[in-house]
Amino acid sequence: MPDLLSLEPTRRIMQTTPIAPVHLASIALEKSYRKGDLQIPVLRGVEIKIRRGEFLSIVGQSGSGKSTLLHVMGLLDSPSVGEVLLDGDRIDDLPQKTRDELRNRVFGFVFQFYHLLPELTVLENVLAPLMIRHSMLSYWKRRREFRLAAEEILEKVGLTHRLKHKPNELSGGEMQRAAIARALVAKPEILLADEPTGNLDAGTGHEILGLLRHLNEQEGLTIVMVTHDESLARSAHRLVRLTEGRLELLSDAA
Ligand code: ADP
Ligand code: MG
């Protein structure tokens, strides 16, 4: 296994993929929330094209709508106006069941507070999405294959020595590695990470960013990472800021 800890996350990624096809995009995306009789606008026309294999960082002040944008792009929520496109096809207006299937197949999610199930071991937490997705019978028939897949991804994130541990026996960095493994076990195309280092000390945050970069470079995973740490955000291919409901480009290594 490569030494993930020694990867240098602050080095800017030089080999970008400017000609890769657009993977995930939004057109004139708006989202407002209802508060009593008022509509509070959060997203006011977000335009973004994220290429296959790109690592995009989104920064912005607390409350600027970063989580909202990630949820709308990842089909966890619907836009008020505008479109979300996957490989050029509109996906936000599909029937609920199709959206759910597409979300489970295409997107992996990582959150600031891990959201691991405390009663389950690391291995069981990583297997949980596969258990939920398959019928009891089909899971049972394929349990060895699934277990191997879970162990393989746990090796990739450097947790082979923690398979039988419960979340409360892990450090913050280990919990986030377990959550990343869980997000990846069903082989998503796009990882949406909402403040994945927000609850970690600076050193551990760099390790997690190194792991995400490794997955982006080695597996070609498209990654959208929300963070309010601009120094971490700058190691992505492209850095945008969400401000007043729109995205502005801060840096582009392409
Ligand atoms: P960020 O992730 O950048 O901190 P959020 O996307 O969480 O911002 O929130 C943006 C704004 O939308 C905030 O003012 C927040 O209070 C509001 N908001 C978020 N989710 C909801 C919701 N489900 N209902 C009402 N208002 C919400
Ligand atoms: Mg947020």
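One-based numbering, in listed order, for ligands and for the atoms of each. Each residue takes its place number in the sequence, starting with 1.
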I need the nearest protein heavy-atom contact for [atom]: residue, atom name and distance, please.
atom                    : value
atom 12 (O) of ligand 1 : Val42 CG2, 3.3 Å
atom 7 (O) of ligand 1  : Ser67 CB, 3.8 Å
atom 8 (O) of ligand 1  : Gly65 N, 3.2 Å
atom 18 (N) of ligand 1 : Tyr33 CE1, 3.2 Å

Where ligand 1 meets Ser62 - atom numbers and elements under 4.0 angstrom, heavy-atom basis: 4 (O)
Pair His134-Phe146, ring pair (Phe, Tyr, Trp, His ring centres under 6.0 Å): steps then yes or no: CA-CA 11 Å; His134 293 82; Phe146 289 155; 4.8 Å; yes
Proximity to ligand 1 by part of Gln61, non-hydrogen separation under 4.0 Å: backbone
For ligand 1, the portion of Thr68 having any non-hydrogen atom under 4.0 Å away: both
Minimum heavy-atom distance Ala233-Val59, with the two atoms named: CB-CG1, 3.6 Å
Closer than 4.0 angstrom, basic N to acidic O: yes or no for [X] and [Y]?
X      : Y      : value
Arg99  : Asp92  : no
Glu169 : Arg162 : no
Glu30  : Arg44  : no

Co-membership, hydrophobic cluster, residues Leu130 and Ile153, 4.5 Å side-chain: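 Cluster IDs for Leu130 and Ile153 match.
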Path from Val46 to Leu250 over hydrophobic side-chain contacts below 4.5 Å: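 Shared cluster, no.
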Non-hydrogen protein atom less than 4.0 angstrom from atom 1 (P) of ligand 1: yes
Verify atom 21 (C) of ligand 1: protein non-hydrogen atom under 4.0 angstrom away: yes
Backbone or side-chain N or O of Gly63 under 3.5 Å from ligand 1 N or O: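 For ligand 1, there is an N or O atom that lies under 3.5 Å from one belonging to Gly63.
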Interatomic distance, Leu94 atom CG to Arg103 atom CZ [nearest 0.5 angstrom]: 12.0 Å
The Mg ion (ligand 2) to nearest N/O/S of Gln112 less than 2.8 Å: no
